[in-house]
Amino acid sequence: MILKKYLTISISFFLIISCVKDKDFNIPETKCAELAYNLSLINLNTITEGGITQVQEDIIIEGYIVSSDIENNFFGTIHIQDKAIDPTTGISFLVDLRDYYLQYKLGQKVIIKLKGLYIAKKNNTYVIGGVFTSFGNQTVGRLPSLQVQEHMYTTCSNPPTQATESTIENLTASKINTLVVLNNVEFIEEELNNTFANKNEETERTIKDCVGNQIKLVNSGYADFATNILPNKSGNITAVLIEDKNELKLKIRSLTDIDFTQNRCAPIVTEFTSTSVFFSELADPNNNTGARFIELYNSSNEALDLNNWKINRYTNASTDISSSLDLTGYSINAKSTLVISPNKDEFVATYGIEPDISIGKNSVADSNGDDNLVLIDPFGTTIDVFGVIGEDGTNTNHEFEDGKALRKESINTGSNNYQFNQWFIFNDTGNNNTTNLPQNAPEDFTPGEH
């Protein structure tokens, strides 16, 4: 009879458990508590001195849970912001508690008794939990599950939590551990055929807005949605803002946090042409070959992205490109210069300023004064030329050996063929109406000025 009774109880228990098909079942509500907090999250700095501190006083804080491990993208960390709407700060609570979403629901207001817990500032935010010791060094670690219930309580008051609208460029450290929503964003095109995460591996995917600002989305390789393909449209994403390796990143609770149903952003045009960019000074100092440089000038009233622009150098009488510089990644401001040096250390020591671009010896900026230079736009059009390709500069009107070639101030556009009358040419020969007056650095040169 005893065995029969035992089997009946076991089978009944099995049947009850078997009725649970997924994570969407109801859990009996835990008794809520109402305790008055006596310290706001924004003032946590008053109880820690910068290192790890064990709280000894009866301090109570309150906040709203904005993370959830319902789809296994969060593990061991509960993110809590100080206000339901328009939060000013947030914290992370490290817990050794699986499926914490069952007990501490998303958006729920909680109170935390800090006495006995450890607190530390990690980069730009505070973290609380237990203590972990490794090789004699203490760090804040996950609090054992049984102790979590002794410190964190749900409350009876639960006003709806609202994500703070922001843009990628306006995200700041003050919003770490809070819930944010970004509008009109999408995954970058290079990642569209990927899954959210690689199997069993934390994976980062890149979100961008329609003007090119980017932020990483962190996904667990154990998340329920890890193997889903990234959506190929644009829209809104709601996520917890976290800090990882001193960088702001996003983390979603579930796929419902992503609403990408709109058309993707229009392609960003980064390739422009302009005749307002040209060579303004070429330097081969008589007293210091390490202080050579090339200077470009933008005479227009707008900054110009130099994506896919290039400078080609033709050594002596060569008709083949001897060296080339891709200017992608650089821009040149309105009415400003861009200075390129083959020797940064010597350039700084000589002129007292840093070049905008530093490249090596035998590069386009390392000419000894008898070479030819060509500035090419992204579409292959020649915008400006110094010298005559196929003609060695020695004893010509485009030789600046031991001197410089300085563009006249009256010139506002480049020229697709060499115009001697646009330049002041100084060298050590004076041939062909050039000036025989070697130039010494730094006094005879003006890098960064035009």
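Just so it is clear, the model here is predicted, and its values are computed rather than measured. Heavy atoms only: backbone and side chains are in, while hydrogens, waters and symmetry mates are out.
One side chain, T273 or D377, offers a donor N or O that lies under 3.5 Å from an acceptor on the other. Between the side chains of Y100 and S67, at least one donor N or O lies within less than 3.5 Å of an accepting N or O. For the residue pair D326/T328, the side-chain donor-acceptor check at 3.5 Å is satisfied. Between the side chains of N298 and S336, not a single donor N or O lies within less than 3.5 Å of an accepting N or O.
Both tests pass for K251 against the ring of F74: distance under 6.0 Å to the centre and angle within 45° of the axis. The cationic atom of K83 (NZ for Lys, CZ for Arg) does not lie both less than 6.0 Å from the six-membered ring centre of Y64 and within 45° of the ring axis.
Residues forming a side chain to side chain donor-acceptor pair (under 3.5 Å) with N183 (at least two apart in sequence, or on another chain): E165.
The aromatic rings of F187 and F196 sit perpendicular to each other, their planes meeting at more than 60°, with 30° as the lower class boundary.
E202 places none of its side-chain heavy atoms less than 4.5 Å from the side chain of S220.
The ring of W423 has its center no closer than 6.0 angstrom to the ring center of F400.
For K335 (side chain) and S299 (main-chain N/O), a donor-acceptor pair under 3.5 Å exists by modelled atom type.
Among pairs with a residue in residues 116-144, none fulfils salt bridge (Lys or Arg N to Asp or Glu O under 4.0 Å), at least two apart in sequence or across chains.
Classification of D366 and K361 as a salt-bridged pair fails, no side-chain N sitting under 4.0 Å from a carboxylate O.
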